[in-house]
Amino acid sequence: MAAVTSPESSQPARVYFQTPTGSTEEAETPARKQGRVTVKYDRKELRKRLNLEEWIIDQLTDLYDCEEEAIPELEIDVDELLDMESDVDRAARVKDLLVDCYKPTEVFVAELLDKIRGMQKLSTPQKK
C-alpha cells in the first residue's frame, strides 16, 4: 500500500510503501541462483588506467589553471591513442586536443606518452 502526503502541505509529496500485514518480504522474494562471471577485466590494468585518468585530470587542472569542473570539454581517449601507429601520431592527437591551452603542453604530452607505453586497451575484456 502507498500513502501520499497532502498536496496542500508545504512539504513535497512523498510516497511511503508499507508491507501488507501477515506477509514477510522474505517469503515473496524468489530464491536467486548464483550467477557466474564469464569475462573478467585485469584488475591491475584497471588500476593503472584509473591512476592514469586521475593523473590526466590533475595535469589538465594545472595546464588550464582551473578547477576540475572548469576544464574545457575535451576527451583524451587512451584506447584511441593506443590504436595509433606511432608516438608522433599520438603526440599530434593530444596536441590537437590541447590547442586552446595557453601554457606549454610538451612536458604533459611526453609524460602521457611515457605512461601509456605498454598499457593494454580496455575496450575488449580479457577472458580467464
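We count residues from 1, following the sequence as given. All values derive from a computational prediction rather than experimental measurement.
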Measure the spacing between [atom1] of [X] and [atom2] of [Y] and express it to the nearest 0.5 Å.
X: L113; Y: K115; atom1: CG; atom2: NZ; answer: 12.0 Å
X: R90; Y: E80; atom1: CZ; atom2: CD; answer: 11.0 Å
X: Q59; Y: I71; atom1: CD; atom2: CD1; answer: 10.5 Å
X: L97; Y: E73; atom1: CG; atom2: CD; answer: 12.0 Å
X: R47; Y: R43; atom1: CZ; atom2: CZ; answer: 9.5 Å
X: E45; Y: L52; atom1: CD; atom2: CG; answer: 10.0 Å

Going by an N to O cut-off under 4.0 Å, is there a salt bridge joining [X] and [Y]?
X: D114; Y: R117; answer: yes
X: D62; Y: K103; answer: no
X: D79; Y: R49; answer: yes

Quick check: does any side chain N or O of T105 sit under 3.5 Å from a backbone N or O of F108, one acting as donor and the other as acceptor? no
Hey, does the side chain of R93 reach the backbone of L81 with a donor-acceptor pair shorter than 3.5 angstrom? no
Verify the neighbour count for atom CD of E54: are there more than 12 heavy atoms of other residues, nucleotides or ligands below 6.0 Å? yes
For a 4.5 angstrom cut-off between non-hydrogen side-chain atoms, does L74 reach Y64? yes
I'd like to check L112 versus V78 (side-chain heavy atoms, cut-off strictly below 4.5 Å). Are they in contact? no
